[in-house]
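Below is one structure, written out as structure tokens; comments come after it.
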Number of protein chains: 2
Amino acid sequence: MYDKFFIQQLKQHGYKITPQRRAIIEALAEAPLAPKASEIWEKVRQKYPDISPDTVYRNLTLMVDLGMVQQIYLRSKETSRFEVNVPHHHHLVCLKCGCYYCLEGCLVNEQNLKAAKRRGFTVIGHALELYGYCMSCKEGRKEGLR
Amino acid sequence: MYDKFFIQQLKQHGYKITPQRRAIIEALAEAPLAPKASEIWEKVRQKYPDISPDTVYRNLTLMVDLGMVQQIYLRSKETSRFEVNVPHHHHLVCLKCGCYYCLEGCLVNEQNLKAAKRRGFTVIGHALELYGYCMSCKEGRKEGLR
DNA sequence: ATCCTAAATAAGTTTATTCTTATTTAAGAT
DNA sequence: ATCTTAAATAAGAATAAACTTATTTAGGAT
């Protein structure tokens, strides 16, 4: 369980531990692979019916910014999804149906991290999405785009 | 001028050439580096006061999907920006102020393109964003996140 | 235990973007 | 030139996400 690790991380960065935050972290732990924000919200509402969606969004974004959670941008096809407890990696996203596949490893090379450093830019995370067409969408490609 | 190239590309893919599309392409050509959708809309409205924002979004997205235009996702800090007529590259995006820097070249390696192929996935584009803090935002990092 | 204060929250508003539907139109065929 | 039809559009509704502000609260200090 990474619940404790998450709490510790937040504390370490000076953030307060609220019941809502605990619940969100718990929901992430129980959730299926890569839930949507709305799914987290639904789950948390079972315990805290009055929690606002804003609180869910705010905390998910915070955890993404802290590198504890990975956000998958699925373009406009689908709302973002959030991954926890998986090694850092990237995704293939289908432009037609919005489905995605996980890629192994990470494509960011040293050169660019150095370039960032030279500019005085501190990199704390990154995201790469490859866009294209999955097998089942390939035939109808042109129709798909429209 | 890449106006003609854009028109040709759209025709080649079977899309119709409407006055609105011409105007959007023209606006992109005249626009400053990496305009926002709203800026394109404003420019196009000078000629077509009745054009809907939807038409602008729809066509920008289409051109991104066709690889003619690059979209820069600036997270929630800022709305997306659109680049044309520049070699393919990636960006550094500041989590605090939303500013960005262009990186040289492209970080996608052969391995992953092959992995995509093996899955029957056709890659037609990709985007990589590195997230972190620019020089001037670095000090106030913790405050910035909140 | 109480107090203090910055941070977190809920509620409601706002915004950017997308979707739905009825209407219009580009462009190929006649 | 006219006809045809799928595609594109405008308008308005819907949605996800973020912002604003007043209230509450976590957690450190007393």
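Below, read A as the first sequence line, B as the second, and so on, with proteins coming before strands; counting in each chain starts at 1. Values below: all heavy atoms of this structure, side chains included; hydrogens, waters and symmetry mates excluded.
Checked by atom type, the side-chain pair B:Thr55/B:Arg58 shows a donor-acceptor distance below 3.5 Å.
One interatomic measurement links the two molecules: OH of B:Tyr73 to P of D:dA18, which rounds to 15 Å at whole-angstrom precision. Look at CD on A:Glu39: it is 14 Å from C1' on D:dA16, rounded to the nearest Å. Nucleotide D:dT9 holds its C1' atom 11 Å from the CG atom of B:Asp50, rounded to whole Å. In this structure, the CD1 atom of A:Ile24 is 9 Å from the P atom of C:dA10, given to the nearest Å. In this structure, the CD atom of B:Glu78 is 10 Å from the P atom of D:dC19, given to the nearest Å. Put simply, CG on B:Asn59 is 8 Å from C1' on D:dA8, counting in whole angstrom units. Per the geometry, CD1 belonging to B:Ile51 stands 16 Å off P belonging to D:dG12, to the nearest Å. As a whole-Å value, the separation of B:His13 NE2 from D:dA8 P is 13 Å.
Two different hydrophobic clusters hold A:Tyr57 and A:Leu66 under the rule that ILVMFWY side chains link at heavy-atom gaps under 4.5 Å. The hydrophobic cluster containing B:Tyr48 also contains B:Ile25, counting ILVMFWY residues as joined when their side-chain heavy atoms lie under 4.5 angstrom apart, directly or transitively.
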Q: Determine, step by step, whether A:Asp3 and A:Arg22 satisfy the side chain to side chain contact (heavy atoms under 4.5 Å, CB included) criterion, reporting the C-alpha distance in whole Å, the side-chain angles of both residues, the deciding distance to 0.1 Å, and the verdict.
A: CA-CA 8 Å; A:Asp3 300 35; A:Arg22 284 187 193 279; over 6 Å; no

Q: Report the C-alpha separation of A:Glu83 and A:His89 in whole Å, then their side-chain angles, then the decisive distance to 0.1 Å, and conclude whether the side chain to side chain contact (heavy atoms under 4.5 Å, CB included) test is met.
A: CA-CA 10 Å; A:Glu83 290 182 316; A:His89 61 282; 3.2 Å; yes

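Contact annotation for A:Ser52: base contact, defined as any heavy-atom pair under 4.0 Å involving a base atom.
Note that the two end axes of the helix from C:dA1-D:dT30 to C:dT30-D:dA1 enclose an angle of 30°, each drawn from 5 base pairs, rounded to 10 degrees.
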Q: At under 4.0 Å between heavy atoms, which parts of nucleotides 12-30 of chain C does protein reach? Answer with one letter per nucleotide, 5' to 3': B base, S sugar-phosphate only, - none.
A: ----SSBB------BS---

All N/O donor-acceptor pairs, side-chain side in residues 67-75 of chain A, below 3.5 Å, sequence neighbours left out:
from	atom 1	to	atom 2	distance (Å)
A:Gln70	OE1	A:His88	ND1	3.4
A:Gln71	OE1	A:Tyr73	OH	3.4
A:Gln71	NE2	A:Ser80	OG	3.0
A:Tyr73	OH	B:Arg75	NE	2.7
A:Arg75	NE	B:Tyr73	OH	2.7
A:Arg75	NH1	B:Asp65	OD1	3.4
A:Arg75	NH2	B:Asp65	OD1	2.8

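A:Glu26 and A:Lys43 are not joined by a salt bridge, as no carboxylate oxygen comes within less than 4.0 angstrom of a charged side-chain nitrogen.
With values rounded to the nearest 0.5 angstrom, B:Asn85 atom CG is found 10.0 Å from B:Phe5 atom CZ.
Exactly one of B:Asn59, B:Ile7, B:Leu10 qualifies for a side-chain contact (heavy atoms from CB on, under 4.5 Å) with B:Tyr15. That residue is B:Leu10.
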